[in-house]
Amino acid sequence: MATPNELLADIADVGVVPGRGGYHRHVFDRAETELREWFVGQAGARGLDVRTDGNGNIWAWWPGPGDDAVATGSHLDSVPGGGAYDGPLGVASALSAVDMLRAEGFRPGRPLAVVVFAEEEGGRFGVPCLGSRLACGSADPQRALGLRDETGTTLAEAMRAAGADPELAGPDRVNLPRVGRFVELHVEQGRGLVEHGSAVGVASTILGHGRWRFGFTGQGNHAGATPMDDRRDPMIPAARLVTEARAVARRFPDARATVGRLRPVPGGTNVIAESVDVWLDARAHEDADTRALVEELSARARELAAEEGCTARVTEESYSDTVRFDPEVRDELATVLDAPTLPTGAGHDAGTLAAHVPTGMLFVRNPTGISHAPQEYAEAADCTAGAEALARVLRRWSR
Ligand code: HGY
Ligand code: MN
Ligand code: MN
Ligand code: MN
């Protein structure tokens, strides 16, 4: 029997960012591959039948009759410098829940799977929830194979290098028993449960969210030899877009617009950039608001570029619709667990699955409310409460 925290302690030093803390675990890089190997070992030690699905996801099966399976799981990849719980807590809690069920002699009445999804953060190949989208047939395998990371490595090359099967399984080749229900446990990314005074909560909605790339192009030149009035510097519209994003977001109810990544080319201190890419992460409770926000910012980007004799190109890189979890499942979990329901601004694999099968999501209290940063935290007792809640759901659904 292992608690989630004991399991997380096994991997606490994998992929730590030196001198800053937090984790850098991009899909199929050395750290995340080490976590995959850890998971396969843990699942095997519990007698689970481990299989990959050709989409980079790992499925650990507790066999049961029929094919209307129950699945639970999350992800092991992180954002650059992410916290210890975002993803791994859901995987560790699933393993801990299996321990509890096995200890009481539980026998599943249907196949039960613990799953690790690939590229949930989209941190390496730019498309969040890539693994769960491929498994559900809501991402095109050919497009996915061609996705490249910052070094130009394709997804297929990265999978091969990590010993994973790059034969992506589109909707016509999902080599899995049919998953009939899915539940994900995740550390809360916010302070909702702190305000509720509850260790565990149930997700009601996920804000719609997407990623857009704003590419500004001007004229590269010498920083010292080029008079200020003789420039077409793309860094100027790029910088102005960043501040305008905040102003535009404030005009939509509880919308969020973030620029966390910006890439000047060539990126020399004494060089006027030739181009600057700015990635926008925009989210809102209503998809129409997110779309309108980005529309407004795109028009503004073209104006700002023109003022500097530059051009602007806007490309949508990914979009996930607002998720409203199945009210029957949401209310069942809230009642069974006597837990509050709450929305989240963070995307999850459960959001992908929810479009295909009855899906629920559990949150574990995060006293700092911070996530995607080293200060992300959950108390050991709350993590154990989360695993116990997950075991209760799995027992109920797998009878
Ligand atoms: O970006 C998100 O909301 C999630 O952490 N992938
Ligand atoms: Mn995350
Ligand atoms: Mn996550
Ligand atoms: Mn998730």
Side-chain angles (χ1 to χ4, degrees), residues 4 8 11 15 17 22-27 31-32 35 39 57 72-94 115-133 138-139 182-190 192 201 203 205-212 249 254-261 279-285 287 290 317-323 325 342-354 359 361-366 368-378 383 386 390:
L8 289 178
I11 55 174
V17 177
Y23 293 92
H24 189 111
R25 297 161 169 172
H26 276 180
V27 72
E32 202 250 7
L35 294 187
F39 173 73
N57 307 312
T72 182
S74 192
H75 60 98
L76 294 172
D77 64 302
S78 76
V79 294
Y85 299 85
D86 177 355
L89 180 62
V91 176
S93 302
V115 55
V116 169
F117 286 116
E119 187 67 331
E120 190 273 350
E121 297 291 2
R124 182 171 179 183
F125 294 101
V127 177
C129 297
L130 183 60
S132 52
R133 291 173 195 245
S138 49
F182 178 75
V183 58
E184 177 173 4
L185 180 144
H186 204 283
V187 65
E188 190 195 351
Q189 295 159 303
T205 59
I206 296 179
L207 265 63
H209 57 285
R211 301 180 183 189
W212 289 264
D254 194 20
R256 295 105 197 256
T258 310
V259 172
R261 184 176 160 219
W279 278 269
L280 173 78
D281 176 309
R283 311 188 187 209
H285 293 266
D287 294 306
T290 312
E317 292 197 335
S318 77
Y319 191 75
S320 312
D321 289 336
T322 298
V323 173
F325 284 102
L342 62 165
T344 179
H348 294 285
D349 294 307
T352 309
L353 276 288
T359 295
M361 182 152 206
L362 308 184
F363 290 133
V364 169
R365 178 168 43 196
N366 170 350
T368 69
I370 294 172
S371 184
H372 284 188
Q375 295 79 15
E376 181 182 85
Y377 182 63
C383 293
L390 183 60

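One-based numbering, in listed order, for ligands and for the atoms of each.
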Fill in: Atom name of the N, O or S atom in Glu121 that lies nearest to the Mn ion (ligand 2)
OE2
Practice prompt. Considering non-hydrogen atoms only, spot the tightest contact between Val187 and Tyr377 and give its length.
Written response: CG2-O, 4.1 Å
Worksheet entry | Interatomic distance, Glu121 atom CD to Cys129 atom SG [nearest 0.5 angstrom] | 8.0 Å
Item to complete: Classify the contact between His209 and ligand 1 as side chain, backbone, both or neither, using a heavy-atom distance cut-off of under 4.0 Å.
Response: neither
Discussion item. Assess, by modelled atom type and distance only, whether the side chains of His186 and Asp86 contain a donor and an acceptor separated by less than 3.5 Å.
Written reply: yes
Worksheet item: Considering only protein heavy atoms, which is closest to atom 1 (O) of ligand 1, and at what distance to one decimal place?
Response: Arg283 NH2, 2.9 Å
Worksheet item: If the Mn ion (ligand 3) is the vertex, what is the angle to NE2 of His75 and NE2 of His186, rounded to 10 degrees?
Response: 110°
Worksheet item: Nearest to atom 4 (C) of ligand 1, what protein heavy atom do you find, and at what distance?
Response: Gly347 O, 3.3 Å
Discussion item. To the nearest 0.5 Å, what is the distance between NE2 on His26 and CZ on Phe125?
Written reply: 10.0 Å
Item to complete: Report the part of Ala346 in contact with ligand 1, treating N, CA, C, O as backbone and CB onward as side chain, heavy atoms under 4.0 Å; options are side chain, backbone, both, neither.
Response: both
Item to complete: Among Leu362, Thr352, Asp349, find the residue that satisfies the side-chain contact (heavy atoms from CB on, under 4.5 Å) test when tested with Glu184.
Response: Asp349
Worksheet item: Considering only N, O or S atoms, which atom of Asp86 is nearest to the Mn ion (ligand 2)?
Response: OD2
Worksheet item: What is the nearest protein non-hydrogen atom to atom 6 (N) of ligand 1, stated with its residue, atom name and distance?
Response: Glu121 OE1, 2.9 Å
Worksheet item: Any side-chain donor paired with an acceptor under 3.5 Å for Asp287 and Tyr319?
Response: yes
Item to complete: Specify whether an N/O/S atom of His348 falls short of 2.8 Å from the Mn ion (ligand 3).
Response: no
Discussion item. Just to be sure I'm reading this right: ignoring hydrogens, which of His75, His372, His186 gets closest to atom 5 (O) of ligand 1? Compare them by their nearest heavy atoms.
Written reply: His372
Worksheet entry | Step-by-step side chain to side chain contact (heavy atoms under 4.5 Å, CB included) determination, Asn366 to Glu376 | CA-CA 7 Å; Asn366 170 350; Glu376 181 182 85; 4.1 Å; yes
Response to the item:
Rounded to the nearest 0.5 Å, the NE2 atom of His75 sits from the CG atom of Asn57 at a distance of 12.5 Å
Worksheet item: In ligand 1, which numbered atoms sit nearer than 4.0 Å to a non-hydrogen atom of Glu120?
Response: 4 (C), 6 (N)
